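First comes the structure, then the notes that go with it.
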Amino acid sequence: MLIIGIAGGTGSGKTTVVNQIIEELKNEEVDVISQDSYYQDTSHLTYEERTKINFDHPKSIDFDLLVSHLKDLKDGKTIEQPVYSFKEHNRTGETVITEPKKVIIVEGILILTHTDIRDMFDIKIYVHADSDERLIRRLKRDINDRGRDLDEVLWRYQTTLKPMHQQFIEPTKEFADIIIPTNRYNTVAVDIVQTIIKERLA
Ligand SMILES: Nc1ncnc2c1ncn2[C@@H]1O[C@H](COP(=O)(O)OP(=O)(O)O)[C@@H](O)[C@H]1O
Ligand SMILES: Nc1ccn([C@@H]2O[C@H](COP(=O)(O)O)[C@@H](O)[C@H]2O)c(=O)n1
């Protein structure tokens with residue numbers, strides 16, 4: 001089993017890169033695990049309280065569950081990946097049955113901050129886009145897809161997202177084996193990663 005970690009700031013293009021990488025792989029060969037599925041269960045809080053959570057701090061992630069799920073997959077066991085709702089700021093209570101495959105791609109802003117998880121990765125990738133580009137993408141995406149408005153995105157950017165990015169996320173670039181610049185669509189980098197995966201699978 002090959003485990004690939006793909007980190008990078010919000011809006012850097014992690015999900016897009018993952019989708020491009022797996023385009024040529026068969027479904028039965030690859031699992032994608034998103035760190036977003038592992039936001040802490042906050043059902044004990046009201047909706048109002050949940051809106052104020054700092055979702056860019058490592059403490060917002062249930063890393064224990066993520067570690068145990070990755071270990072299970074490595075051991076050939078099936079897991080139940082939680083489903084997360086950005087509209088509700090909480091897990092939905094549903095799960096996705098995920099079976100072990102030849103390639104596991106784990107993507108998320110904070111995945112390289114955690115030593116045990118970092119050590120499980122065979123390849124560590126950091127996706128980089130400039131912060132203004134990321135903010136523009138985040139604004140468009142959160143308003144179109146995640147039920148947010150301009151004020152909410154800018155408030156979150158100023159209060160938590162930008163400082164947490166500088167404190168926790170950007171420094172993990174030093175752990176990366178490969179850094180992919182994505183201010184433009186980077187097909188060359190995607191081709192290189194696809195080639196590495198194919199070689200390892202051969
Ligand atoms: N290289 C790129 N150039 C322009 N837009 C991009 C690029 N990569 C991603 N996007 C767009 O930016 C938004 C955020 O990308 P996404 O892959 O979801 O980022 P992340 O998973 O890192 O938050 C999406 O709307 C996506 O279509
Ligand atoms: N309820 C939530 C949970 C997380 N976020 C933001 O999502 C970002 C991480 O996801 P990406 O797909 O962009 O990598 C992170 O920056 C959190 O601020 C949120 O807005 N609401």
Side-chain angles (χ1 to χ4, degrees), residues 4-23 32-63 66 81-93 105-114 125-170 172-173 176 178-191 193:
I4 303 172
I6 303 190
T10 181
S12 57
K14 299 179 294 299
T15 312
T16 306
V17 165
V18 170
N19 289 337
Q20 290 167 336
I21 292 172
I22 65 175
E23 243 166 41
V32 177
I33 309 263
S34 172
Q35 173 210 283
D36 295 341
S37 307
Y38 293 83
Y39 273 113
Q40 303 278 5
D41 183 0
T42 50
S43 307
H44 56 289
L45 301 177
T46 64
Y47 175 81
E48 271 316 299
E49 287 168 331
R50 296 202 297 271
T51 61
K52 298 192 181 79
I53 294 172
N54 177 351
F55 291 111
D56 292 81
H57 192 285
K59 277 190 184 156
S60 65
I61 306 296
D62 187 348
F63 277 120
L66 180 53
Q81 215 183 136
V83 175
Y84 188 76
S85 164
F86 286 94
K87 293 202 168 110
E88 293 303 320
H89 301 286
N90 204 3
R91 292 185 193 166
T92 64
I105 299 181
V106 187
E107 69 85 15
I109 54 174
L110 293 159
I111 52 158
L112 292 183
T113 64
H114 195 280
I125 297 174
Y126 189 96
V127 178
H128 169 87
D130 294 340
S131 51
D132 52 355
E133 180 66 29
R134 290 190 297 101
L135 175 58
I136 292 167
R137 292 179 193 170
R138 167 91 178 222
L139 270 168
K140 288 188 189 163
R141 186 198 59 196
D142 281 13
I143 292 169
N144 292 334
D145 307 336
R146 292 190 179 175
R148 311 294 168 87
D149 62 23
L150 178 72
D151 286 344
E152 199 276 347
V153 181
L154 295 183
W155 167 78
R156 202 173 283 285
Y157 187 83
Q158 286 179 312
T159 55
T160 53
L161 202 158
K162 186 179 175 193
M164 296 303 104
H165 181 83
Q166 288 169 340
Q167 187 178 347
F168 295 109
I169 300 160
E170 179 78 24
T172 63
K173 202 182 256 183
I178 301 169
I179 296 170
I180 304 185
T182 56
N183 285 333
R184 55 181 171 75
Y185 286 103
N186 194 332
T187 50
V188 174
V190 168
D191 282 351
V193 178

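Order of appearance sets the numbers: ligands from 1, and atoms from 1 within every ligand. The model shown is predicted, which means the values in this text are computed figures rather than measured ones. One is the number of the first residue; the rest follow in order along the sequence.
The proximity of Arg156 to ligand 2, defined as any non-hydrogen pair under 4.0 Å, is limited to the side chain. If you look at Lys14 next to ligand 1, the close heavy atoms, those under 4.0 Å, come from the backbone and the side chain alike. When heavy-atom distances to ligand 2 are checked against a 4.0 Å cut-off, Asp36 comes that close only through its side chain, counted from C-beta outward.
Across every non-hydrogen atom of Pro82 and Ser37, the tightest pair is O-CB, 3.2 Å. Across every non-hydrogen atom of Ile180 and Ala189, the tightest pair is CG2-CB, 3.6 Å.
Nearest-residue assignment for atom 14 (C) of ligand 1 (options Ala7, Gly11, Gly8; heavy-atom criterion): Gly11. In the candidate list Gln35, Arg137, Arg138, Arg137 is nearest to atom 12 (O) of ligand 1, counting heavy atoms. When the options Phe86, Tyr157, Tyr84 are ranked by their closest heavy atom to atom 5 (N) of ligand 2, first place goes to Phe86. Of the candidates Arg141, His89, Gln35, Arg141 brings a heavy atom nearest to atom 11 (P) of ligand 2.
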Ring pair (Phe, Tyr, Trp, His ring centres under 6.0 Å) between Tyr39 and His89, worked out: CA-CA 9 Å; Tyr39 273 113; His89 301 286; 9.5 Å; no
Side chain to side chain donor-acceptor pair (under 3.5 Å) assessment of Arg138 paired with Thr10: CA-CA 7 Å; Arg138 167 91 178 222; Thr10 181; 2.9 Å; yes
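Here the protein heavy atom with the shortest distance to atom 7 (O) of ligand 2 is Arg146 NH1, 3.5 Å. With respect to atom 16 (O) of ligand 2, the closest heavy atom belonging to the protein is Asp56 OD2, 2.5 Å. Residue, atom and distance of the protein heavy atom nearest to atom 1 (N) of ligand 1 are Thr182 O, 3.1 Å. Of all protein heavy atoms, the one lying nearest to atom 13 (O) of ligand 2 is Thr10 OG1, 2.6 Å. Looking from atom 18 (O) of ligand 1 to the surrounding protein, the closest heavy atom is Arg141 NH1, 3.6 Å. Considering only non-hydrogen protein atoms, atom 6 (C) of ligand 1 sits nearest to Tyr185 OH, 3.4 Å. For atom 21 (N) of ligand 2, the nearest protein heavy atom (residue, atom name, distance) is Arg148 NH2, 2.9 Å. Of the protein's non-hydrogen atoms, Thr15 OG1, 2.6 Å is the one closest to atom 21 (O) of ligand 1. Protein heavy atom closest to atom 19 (O) of ligand 1, with residue, atom name and distance, is Gly13 N, 3.2 Å. Of all protein heavy atoms, the one closest to atom 8 (C) of ligand 2 is Arg138 NH1, 3.4 Å. For atom 14 (O) of ligand 2, the nearest protein heavy atom (residue, atom name, distance) is Lys14 NZ, 3.0 Å.
Proximity to Gly9 (heavy-atom distance under 4.0 Å) selects the following atoms of ligand 1: 22 (O). Listed by number with element, the atoms of ligand 2 under 4.0 angstrom from any heavy atom of Ile109 are 14 (O), 15 (C), 16 (O). In the vicinity of Arg184, heavy-atom distances shorter than 4.0 Å reach the ligand 1 atoms 1 (N).
Looking at heavy atoms from C-beta onward, Thr15 lies out of side-chain contact with Val32 at the 4.5 angstrom threshold.
Distance remark: protein heavy atom not present below 4.0 angstrom from atom 24 (C) of ligand 1.
Within the 3.5 Å criterion, the main-chain N or O of Gly13 finds no donor-acceptor partner in the side chain of Thr182. Put simply, the side chain of Lys14 gets close to the backbone of Gly9: a donor and an acceptor are under 3.5 Å apart. Distance alone, capped at 3.5 Å, is enough to place a donor-acceptor pair between the Gln40 side chain and the Lys59 backbone. When atom types are taken as modelled, the side chain of Arg141 and the backbone of Arg146 share no donor-acceptor pair closer than 3.5 angstrom. Remark: side-chain polar atoms of Gln35 are paired, donor with acceptor, to backbone N or O of Leu110 under 3.5 angstrom.
Between Thr16 and ligand 1, at least one pair of N/O atoms sits closer than 3.5 Å. Distances between N or O atoms of Glu133 and those of ligand 1 include no value under 3.5 Å.
Between the CZ atom in Phe168 and the OG1 atom in Thr172 there is a gap of 11.5 Å [rounded to 0.5 Å]. With values rounded to the nearest 0.5 angstrom, Ile125 atom CD1 is found 6.0 Å from Ile4 atom CD1. In this structure, Arg137 CZ and Thr16 OG1 are separated by 7.5 Å, a value rounded to the nearest 0.5 Å. Rounding to the nearest 0.5 angstrom, the gap separating the OG atom in Ser60 from the CG atom in Asn54 is 6.5 Å.
Between Lys52 and Glu49 no salt bridge is recorded (no basic side-chain N to carboxylate O distance below 4.0 Å).
Not close to ligand 1: Ala129, with no non-hydrogen atom less than 4.0 angstrom away. Using a 4.0 Å heavy-atom cutoff, Glu107 is absent from the residues neighbouring ligand 2.
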